[in-house]
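Indexing begins at 1, ligand by ligand and atom by atom, following the structure's order. Every heavy atom of this structure was used, including side-chain atoms; hydrogens, water molecules and symmetry mates were not. Residues take their numbers from the sequence shown, with the count starting at 1.
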Amino acid sequence: MKSSFLCTNCGNITSKWFGRCPECGEWNTLEEQEQIPQPAKGIKQNKVKSFAPAESSKAFKIRDITYSNNLRISTGIGELDRVLGGGLVEGSVVLISGEPGIGKSTLLLQLCQSIDASATLLYVTGEESVSQIKLRADRVGVDSERLFVLNETNIGRIIAEIKAVNPAVAIVDSIQTMFDEDYPSAPGTVTQVKQSALHLINIAKESGISIILVGHVNKDGAVAGPKVLEHMVDAVLYFEGDKQQTYRILRAVKNRYGSTNEIGVFEMGDAGLREIENPSELMLEQRPKGVSGNCAVCILEGTRPIISDIQALSTPTVFPSPRRMASGFDYNRLSLLLAVLEKRLGLRFSTQDIYINVAGGLKADDTSCDAAASLALISSLKDAPVPENLMVIGEVGLSGEIRSVFGIEQRINEAARLGFTQIALPFKAVGKCKGKYSGVEFIPVRSVFDLLKLLGI
Ligand code: TYD
Ligand code: MG
């Protein structure tokens with residue numbers, strides 16, 4: 001018998017204690033765990049067993065496999081359906097995670113109301129009492145006759161109740177509060193999270209009940225507990241957003257039944273979460289006008305174009321090495337753009353602190369936002385506002401050239417719909433777009449020099 005140590009963050013097992021987990025790098029997460037029996041001496045460990053062919057382990061020809069088409073249940077929340085890839089798949093297990101207070105419980109409670117009225121639902125809560133749930137339900141207008149609420153953390157009893165109620169969808173809020181009484185460790189530990197999830201996944205697959213798990217996040221923003229939890233479930237959704245702001249973005253990071261490109265946008269209000277079908281309009285409402293350093297940008301989230309504002313601020317530095325800070329924008333990309341602008345246009349960014357931010361908590365992390373970010377940077381440095389109705393699309397190369405990007409047409413459509421009258425495009429793309437949109441002037445930009453012209457410099 002030999003003791004082993006388990007990392008409570010990533011589930012890594014080591015034979016020695018370390019102050020810092022060698023796998024995930026977290027400090028002070030290794031805990032001694034129950035002793036694991038070692039194989040008796042004399043048994044050859046790497047001997048390959050010969051398995052007799054079992055009846056059930058039969059391979060099928062892919063052509064002979066059939067499935068029923070009617071597998072998805074619409075949640076009644078369009079933005080959630082979009083992220084799930086068209087609705088909840090029967091018998092699937094979805095993990096929704098996000099920071100405390102972001103609105104996971106609210107979203108799932110609202111789902112209980114909006115989902116098909118004939119579906120029975122079970123909301124299991126390990127965090128709040130049933131009366132707290134009722135209070136919230138009254139607040140967001142949830143009054144479904146077929147919704148059951150259970151306050152329990154013992155996974156065995158939860159499974160029994162799921163079997164008794166036999167709901168179409170069961171919600172477990174949250175997986176970190178659940179425990180299996182066969183294991184001595186405390187709820188929230190790797191073993192308990194894994195075991196509880198296993199039980200729930202088994203019942204989902206056996207019975208066709210869809211299960212939604214709520215998961216907490218650790219300080220880095222990833223799902224707390226073992227990474228293996230993310231491997232076990234069918235879909236992992238992250239609910240993110242700035243708690244100070246009212247927008248919330250739901251993003252799929254894994255989805256066995258759909259794309260992970262789509263996002264759902266919500267707004268938190270007095271009566272719970274409201275879907276935002278036209279996020280661009282909302283983002284543009286709050287644009288500052290006539291101020292330098294702001295440039296409209298069109299981000300493609302999956303198939304969905306969203307217009308937001310990219311904001312740059314450049315101020316003379318007081319530090320020996322100037323500060324650079326990027327939020328919603330890639331830090332390395334920012335350094336690259338600054339280097340290109342400094343070299344090609346001779347702009348002295350090296351004496352400036354630079355801050356860059358994408359409004360609304362969106363992420364502009366593909367290269368199609370380069371030109372807009374560069375324009376915002378130049379605009380802030382020169383204190384020359386970008387024209388309000390101008391949108392610029394393109395990638396910036398190391399020689400300062402502006403290159404074409406994917407999804408130009410979708411971006412132009414969205415910009416034209418929202419009243420942008422000037423669209424600056426890579427030279428080659430202009431030819432394709434000219435004449436297709438009335439009231440939109442296309443300005444060709446070949447290199448970062450042309451960006452200066454857009455600002456009238
Ligand atoms: P909640 O769903 O409890 O978050 P989570 O389950 O992710 O921890 O959301 C709680 C926050 O949302 C809380 O700070 C209050 C706010 N809220 C509203 O602003 N309006 C509402 O109608 C509700 C129900 C909550
Ligand atoms: Mg909650």
| request: Give a yes-or-no answer on whether the side chains of Thr106 and Arg136 include a donor-acceptor pair shorter than 3.5 Å. | output: yes
| query | What is the closest protein heavy atom to atom 23 (C) of ligand 1, and at what distance does it sit? | reply | Arg139 CZ, 4.0 Å
| message | Applying a heavy-atom cut-off of 4.0 Å, say which part of Met268 lies close to ligand 1: side chain, backbone, both or neither. | response | side chain
| request: In plain terms, say whether Arg417 and Glu281 are close enough for a salt bridge, that is, a side-chain N and a carboxylate O under 4.0 Å apart. | output: yes
| Between Lys104 and Asp173, is there a side-chain N and carboxylate O pair less than 4.0 Å apart? | no
| request: Looking only at protein heavy atoms, identify the closest one to atom 6 (O) of ligand 1 and say how far it is in Å. | output: Ser105 OG, 2.6 Å
| remark: Nearest non-hydrogen contact to atom 9 (O) of ligand 1 from the set Asp138, Leu108, Thr106 belongs to Thr106
| query | Judged by non-hydrogen atoms, does Gly101 sit under 4.0 Å from ligand 1? | reply | yes
| query | Between Val140 and ligand 1, is there a nitrogen or oxygen pair with a distance under 3.5 Å? | reply | no
| said: As an exercise, identify every atom of ligand 1 less than 4.0 angstrom from a heavy atom of Ala271. | reply: 22 (O)
| query | Has Ser105 got an N/O/S atom less than 2.8 Å from the Mg ion (ligand 2)? | reply | yes
| query | Any side-chain donor-acceptor pair under 3.5 Å between Asp81 and Thr75? | reply | yes
| Does a side-chain N-to-carboxylate-O contact under 4.0 Å join Glu79 and Arg304? | yes
| request: Write out the residue and atom name of the closest protein heavy atom to atom 22 (O) of ligand 1, then the distance separating them to 0.1 Å. | output: Gly272 N, 2.7 Å
| Picking from Thr125, Val172, Val214, what satisfies side chain to side chain contact (heavy atoms under 4.5 Å, CB included) with Leu108? | Val214
| request: Could you tell me whether ligand 1 has any atom less than 4.0 Å away from a heavy atom of Gly269? | output: yes
| Quick one: which of Ala137, Ser174, Gly103 has a heavy atom closest to atom 4 (O) of ligand 1? | Gly103
| query | Considering only heavy atoms, which of Lys104, Arg136, Arg274 lies nearest to atom 3 (O) of ligand 1? | reply | Arg136
| Ser368 and Arg411: CA distance, side-chain angles, deciding distance, side chain to side chain donor-acceptor pair (under 3.5 Å) verdict | CA-CA 10 Å; Ser368 60; Arg411 295 175 210 255; 3.0 Å; yes
| said: For Ser129 and Ser131, which I'm curious about, is there any donor-acceptor pair between the side chains at under 3.5 Å? | reply: yes
| Any protein heavy atom nearer than 4.0 Å to atom 15 (C) of ligand 1 | no
| Which one holds for Asp270 and ligand 1: side chain close, backbone close, both close, or neither close, with close meaning a heavy atom under 4.0 Å? | backbone
| Would one find an N or O of Pro100, backbone or side chain, under 3.5 Å from an N or O of ligand 1? | no
| said: With side chain to side chain donor-acceptor pair (under 3.5 Å) as the rule and sequence neighbours excluded, what pairs involving residues 111-122 come up? | reply: Asp116-Ser118, Thr120-Arg146
| Regarding Arg256 and Ser92, is there a side-chain donor-to-acceptor distance under 3.5 Å anywhere? | no
